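Here the structure is laid out as structure tokens; the discussion comes afterwards.
It should be emphasised that the depicted structure is a prediction, and the values quoted were computed from it without experimental measurement. For the numbers below, each heavy atom of this structure counts, side chains included, while hydrogens, waters and symmetry mates do not.
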Amino acid sequence: MAPKHRDGDVVFSFNGKWIGWAHTITAFSGFLGALLVGCWLHYHKIVQNEYHGYPDEWFPSVSATIGDRYPERSIFQFFIAITSGPRFALVLLWYTLTARPHSTLPKIVAGTGLFRTLSCGGWTYITSTDDHNWHDIFMISYLVATLPWTLGCLALSPPNPTAIKYRKILAGLFFGTLVPLIYFFIQHKVHKVPGAYTIYAFFEWSLILFDVGFDAVTALDFESFELVVKDVKGLSRGAKLLKDDVLEESKDKPLAQPFEGPYSWSILLDAAADIYTGFVFWSIFSSLGILVWYFPLWHMGISGYEVMVMSTVSPLLLGIPFLRSVFVNNVRWVHMSSLVGLLAWQVKDPANRLFTVGFAVWMTCLAWSATWYAERGQPERLKARILAWAAGLVVSSIAKFANHTNNPIWPILHSGNGGWNKTGLILGVLAVLRATQRSNINEGAYSPASKRQGSAALAGLGLAGLFFAMHSLLSDSSTMILWVWEGYPIRSPLAVPHGALTILTMSFGLFFGLTFPGFLGSWTAFGIGSIGAAMLTCYKNWTGFYGALVLATYIMGIAPILIASAVHHSPGRTFGLAFFVYNIMVLFHVWVVAYAFVPGGPLVREHTDWVMAVTMLLIGAGVFSALVTNATSSAPRRRPASKGRKLSSYYLHILFALQLLSASIAYLRFPTNDYQPYHKDEKVLTAGIWTIHFSLDNDMWSSERRVRDAIKELELDVVGLLESDLQRIIMGNRDTTQYLAEDLGMYVDYGPGPNKHTWGCALLSKFPILKSTHHQLPSPVGELAPAIEATLDVYGEQVDVFVFHSGQEEDAEDRRLQSEYLAKLMKDSPRPSILLSYLVTKPLQGNYNTYVGEKSGMRDIDPSDWDRWCEYILYKGLKRTGYARVSRGTITDTEIQVGKFVIGQAPTETDERISEDQVAEGLRFPALFKGEGVRGHRYHVFDEPRYFA
């Protein structure tokens, strides 16, 4: 292009819009070129997936198109390499267009753009075949960075109505497409629906179109540039940006403030320290119940150690003026003393470990109550403290989401079973030191109002309901999902990936409560929250989960309002009463399932609905008090300190970053559903039954990894787990099956949910679960007996598997009714069947003859084994080849029973035993457990497996 003269000499120039067009053309050329060449040369191969091929699947996905085949891969990489030049130029020009003095957001958006560009290069040139892990890391990084890039570009858009319109449309289409994309991916990956992957592929290609199209809009803005570089319209010299107009209208909104002026890393560290201190609170607080539960679990009744649940009532001390002054003015050391709970994992004796954690809970409840009370005269700092505490729960939920429902700094974990205790302790000390360095408490700065300020008792009751709801429902992202779980085929959300939705709504609720406190504190919001609670309690599957999301939003949103109201009363009366009533609620929600073992238990038997109703009534009491308190508060009406507002803003941005982390975890943990049995060539099905005693071993350590090792080494294809429902406060709101299923590569049915009032039974299977039904067997007197009835696809043949836990020995009539119910279920099954059970009967006596024989159609795996009482394996319509009993080690109080069956051969008609040398290698039990065995597991009773002809 010839040089020209306009306000100076230009040797070479071209309009900036060509940068945008060059990026668009080369990017689309890479994708479309690979698609056309792939369809021309390898059509049937690239539409084939792990489950289906042509004609069920007839359009290739992006990954299949640009993957490992030549020449498609080379064409794609060639054009992406060319695209990199315009891409870097596009990011640079966008920064040049939007940069302003003392404004940080353009720098952050530019940095994100560069990061996206480098990440794109990573997943382009490192395919999943080259290195699956690094390919996924780069791909996730790219997708995660897309959100801040998109939102940042929207916020910085120059006043070009056409460009803004197209950006909004394309951004909306991009994020809107994610919903059906995920839906059809689940239909393909989980349900294996023919044709679902083709529909998924169309949405995947749509994302490419919208993503590249979003960046193509820059061509409209870059028309104001002439390169080398000359700004002919003056946009880069001070024209208002879209976000400037928005900020003028909402300059006090917390989300936007950190980006005005220099970004302060010091304030960011302050916010992170506060949130981590909140995380430490929830980690210590939620660990107490597990340690208390260990003792009645092993004592088989009330042990006396249950009194430690009262460790939470320490805020009652704040009702004594002298002690209140001491704690408020030394809150740093109160917080610091609570960190002894992070050292508890070093205490080996279970009782002493409980006492250590009990002391930590005493101090952390006292510390946070004193912190809130001390800040009552400074509303913005109080808001920041409440936000940190609530955000700590979000962090705890994410930590459990990443660690298969175990908090990595709990005292039941150590480095050998997934603990990060040392790291957690070091960060805890640093966080407390930093979080408390800003404390400058002056109790005289607050003057109580002479007007009526609501009721301290009602405020305390409101906090009790809040604490209980947060702990029982939101301390793990999968708890409410399991409330609505109904088995296969899947009709409800899954713990992974949908746990990320729970975390997202928790964070949204907290943000909503800070932004619109007037609405969240109203009776209207309370009514909406109550409807959500009713939906969760009364409905199943997605309908119930939608109610759960509404309830999660409300609980987190009301937290700042109830706590800010309570600090205007005596802390001893509000926080002390709150934690005392919270303890009663914890016992209440345990009593509804443990009614057979506790005094007065039958009065609340199976009444989770009562627990939910009382929880909402308690929160309603707090709302009533808060409406009066907030209307008559005498806090000084002055403009909040800028630093206080800015600190709160940083919390919200950390929450935003946490959502990206949660989404990444969901992606990385998404089930592969490509599981294979151990001996598929021999068509062997190895089935086992084990009572895992709520995943707490004899020494009070979490036992998931030890359970995993035993199941893997026994080569179990199907296993029934009993006493597996851990989704209550006293059990830590955990789910052992998540870890086992993911690590062992198995499908899982969690069984009856935590709102079904059983101790739980679960099914893990290497074979696809076609359908399953949950049963609660008749139990007119004793505890409820759970059962799973599942149909598996075993080497192309349908086999029914029943997992069942009978009632207690003391309840003879219950067990008789249960035996008749289950016998009818098994008799009615037209398919080969296996029962993995806990029957509580002697062989050949009593209810045994209902479970085995004509009434059920089932055979005993070894009728000659007379030394049984609890666990039994029964079967029908299958060839049984082996049976073994394996000792429990120190994991639980019950052995493992294992049976081997061969699919496709004539069913067993005899109980003739044969020696191991007459058995094919693939049909034998592992030799690892012979003799002394391994880690306390060995073949016992017979001292060796038994084999049958």
Side-chain touch [X]/[Y], heavy atoms, less than 4.5 angstrom:
X: I861; Y: F901; answer: yes
X: R868; Y: R885; answer: yes
X: F401; Y: R669; answer: yes
X: L413; Y: N403; answer: yes
X: I412; Y: Y294; answer: no
X: T691; Y: C870; answer: no
X: R946; Y: V941; answer: no
X: V934; Y: F929; answer: yes

On a heavy-atom basis, which atom in [X] and which in [Y] lie closest, and how many Å separate them?
X: S806; Y: R815; answer: OG-CG, 3.5 Å
X: M731; Y: I290; answer: C-CG1, 3.8 Å
X: H693; Y: E723; answer: ND1-OE1, 3.0 Å
X: A787; Y: F804; answer: CB-CD1, 4.0 Å
X: A762; Y: S724; answer: N-OG, 3.6 Å
X: D811; Y: G782; answer: OD2-CA, 3.2 Å

Is the closest side-chain donor-acceptor distance between [X] and [Y] under 3.5 Å?
X: Q346; Y: T356; result: no
X: H404; Y: E742; result: yes
X: D749; Y: W485; result: yes
X: T758; Y: D725; result: no
X: S283; Y: N407; result: yes
X: D735; Y: S478; result: no

Roughly how far apart are [X] [atom1] and [Y] [atom2], rounded to 0.5 Å?
X: D860; Y: R880; atom1: CG; atom2: CZ; result: 8.5 Å
X: I873; Y: L836; atom1: CD1; atom2: CG; result: 6.0 Å
X: T479; Y: K400; atom1: OG1; atom2: NZ; result: 6.0 Å
X: I689; Y: Q897; atom1: CD1; atom2: CD; result: 8.5 Å
X: I409; Y: L343; atom1: CD1; atom2: CG; result: 11.5 Å
X: Y675; Y: Y747; atom1: OH; atom2: OH; result: 6.5 Å

[X] ring center near [Y] ring center (under 6.0 Å):
X: Y875; Y: Y883; answer: no
X: W869; Y: Y872; answer: no
X: W282; Y: F285; answer: yes
X: Y667; Y: F670; answer: no
X: F545; Y: H498; answer: no

Can you tell me if [X] uses its side chain to pair, donor with acceptor, with the backbone of [Y] under 3.5 Å?
X: N583; Y: F579; result: yes
X: S397; Y: L474; result: yes
X: S396; Y: G392; result: no
X: S779; Y: L777; result: yes

>> Run the side chain to side chain contact (heavy atoms under 4.5 Å, CB included) test on I665 and V496 for me, step by step, so that the C-alpha distance in whole Å, both residues' side-chain angles and the decisive distance to 0.1 Å come before the verdict.
In response: CA-CA 9 Å; I665 294 168; V496 179; over 6 Å; no
>> Assess the residue pair N733 and S475 against the criterion (side chain to side chain donor-acceptor pair (under 3.5 Å)); give the C-alpha distance rounded to whole Å, side-chain angles, the decisive distance to 0.1 Å, and a yes or no.
In response: CA-CA 7 Å; N733 292 98; S475 63; 3.3 Å; yes
> Going by the angle between their ring planes, with limits at 30° and 60°, are Y582 and H471 parallel, tilted or perpendicular?
Replying inline: parallel
>> Using 30° and 60° as the class boundaries, would you call the ring planes of F925 and Y947 parallel, tilted or perpendicular?
In response: tilted
>> Could you check whether atom NZ of K422 has more than 12 heavy atoms from other residues, nucleotides or ligands sitting under 6.0 Å from it?
In response: no
>> Salt bridge or not between E715 and R924? Use side-chain N to carboxylate O under 4.0 Å.
In response: no
> Should V898 and L716 be marked as a side chain to side chain contact (heavy atoms under 4.5 Å, CB included) after you check the CA-CA gap, both sets of side-chain angles, and the distance that decides it?
Replying inline: CA-CA 8 Å; V898 185; L716 299 185; 3.5 Å; yes
> Taking it one step at a time, do H774 and I788 satisfy side chain to side chain contact (heavy atoms under 4.5 Å, CB included)?
Replying inline: CA-CA 5 Å; H774 303 158; I788 298 174; 4.2 Å; yes
>> Checking ring pair (Phe, Tyr, Trp, His ring centres under 6.0 Å) between H414 and each of W701, W345, W420, which is the one that passes?
In response: W701
>> Please determine whether side chain to side chain contact (heavy atoms under 4.5 Å, CB included) holds for the pair D476 and R734, giving the CA-CA distance in whole Å, both sets of side-chain angles, and the decisive distance to 0.1 Å.
In response: CA-CA 7 Å; D476 187 83; R734 297 180 291 152; over 6 Å; no
